[in-house]
Amino acid sequence: MSLIAGTVYFTQEDRAFFLVTDQPHSKFFTVKMHKHDNDTALGSLLSGFKNELGIDPDNLRLGELGAWHISGGVTSEDLVSLYTLELVDHDKLNLERLADLGMSFASADNLSDLLTNVDVTGVARLD
């Protein structure tokens, strides 16, 4: 079993907003991937977005792949794959459902502690 993290983002007036958990310390959405069940990282994440959060995968465009230091550490055990997916039509989101699940879109300006734990060096951009 592996943890996979993901976030949905959109830009508005030159500001980026990321889907994160509502906590004193925001976190990205995570799912478990079971290799013994032939799960894939992206498939597990998209299933989680759809089944747990009610986000239609057809409303997402794959952005970048990176690694997220979940404990602020630098060992391989502290890293999980992080997928960023761009929101195509933000009018199709059920923001009330996301709020009920403890998730919201936060401005990148307010996520500096979280975003500094993301490493995209050496990872190709998925355009």
Side-chain angles (χ1 to χ4, degrees):
M1 177 193 67
S2 300
L3 277 180
I4 307 299
T7 187
V8 175
Y9 72 94
F10 66 91
T11 55
Q12 188 174 47
E13 298 176 7
D14 294 329
R15 289 178 43 192
F17 294 85
F18 293 88
L19 182 65
V20 294
T21 60
D22 294 329
Q23 297 181 18
H25 302 288
S26 297
K27 295 183 179 181
F28 295 118
F29 176 71
T30 57
V31 295
K32 294 177 183 174
M33 178 185 74
H34 300 279
K35 290 182 183 180
H36 61 272
D37 289 338
N38 294 320
D39 288 351
T40 64
L42 185 56
S44 298
L45 183 64
L46 292 175
S47 291
F49 279 142
K50 181 178 181 179
N51 299 329
E52 295 178 40
L53 303 182
I55 298 174
D56 182 359
D58 290 335
N59 194 25
L60 302 173
R61 185 174 302 134
L62 189 56
E64 292 187 40
L65 173 63
W68 176 34
H69 299 271
I70 57 174
S71 302
V74 293
T75 68
S76 61
E77 295 172 3
D78 297 324
L79 292 173
V80 297
S81 295
L82 172 68
Y83 289 84
T84 60
L85 296 113
E86 183 178 10
L87 186 62
V88 175
D89 183 356
H90 110 268
D91 290 334
K92 292 184 179 180
L93 279 180
N94 185 340
L95 295 175
E96 289 178 19
R97 179 176 178 170
L98 291 174
D100 289 344
L101 295 170
M103 304 207 65
S104 65
F105 284 90
S107 171
D109 298 339
N110 298 328
L111 297 173
S112 61
D113 288 342
L114 179 62
L115 295 177
T116 57
N117 289 324
V118 175
D119 182 6
V120 292
T121 58
V123 178
R125 182 167 170 83
L126 303 171
D127 284 331

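Counting from 1, the numbers follow the sequence of the chain as shown.
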Can you measure from [atom1] ([X]) to [atom2] ([Y]) and round to the nearest 0.5 angstrom?
X	Y	atom1	atom2	answer
L111	F105	CG	CZ	11.5 Å
L85	L65	CG	CG	10.0 Å
L93	I55	CG	CD1	5.5 Å
L45	L3	CG	CG	11.5 Å
L53	L19	CG	CG	6.5 Å

Next on the checklist: Just to verify, what does D89 make a side chain to side chain donor-acceptor pair (under 3.5 Å) with, not counting sequence neighbours?
Outcome noted: none
Item to check | Partners passing side chain to side chain donor-acceptor pair (under 3.5 Å) against S107 (at least two apart in sequence or in another chain) | outcome: R15
Would you please name every residue forming a side chain to side chain contact (heavy atoms under 4.5 Å, CB included) with [X], sequence neighbours left out?
X	answer
E96	N94
T84	T7, Y9, E64
A99	none
T21	Q23, K27, M103

Checklist entry - Which side chain to side chain donor-acceptor pair (under 3.5 Å) pairs, counting each pair once, include a residue from residues 43-52, with sequence neighbours left out? => result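 Every candidate side chain to side chain donor-acceptor pair (under 3.5 Å) pair involving residues 43-52 fails, so no pair, neighbours aside, qualifies.
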Item to check | Nearest atoms (heavy-atom pairs only) where F28 meets G6 | outcome: CB-O, 3.8 Å
Checklist entry - If you take all heavy atoms of A5 and V80, which pair is closest and at what distance? => result CB-CG2, 4.0 Å
Checklist entry - Between T30 and I4, is a side-chain contact (heavy atoms from CB on, under 4.5 Å) present by the stated rule, with each step listed? => result CA-CA 5 Å; T30 57; I4 307 299; over 6 Å; no
Item to check | Residue pairs involving residues 41-67 (criterion ring-ring contact (aromatic ring centres under 6.0 Å, His included); sequence neighbours excluded) | outcome: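 The answer is F29-F49.
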Checklist entry - Honestly curious: do F17 and L62 fall in one hydrophobic cluster under the side-chain, below-4.5 Å linking rule? => result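 Linked within one cluster.
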Checklist entry - V88, F18: one ILVMFWY side-chain cluster at the under-4.5 Å cut-off? => result no
Item to check | Results of salt bridge (charged side-chain N to carboxylate O under 4.0 Å, His left out) for R61 - residues two or more places apart only | outcome: E86
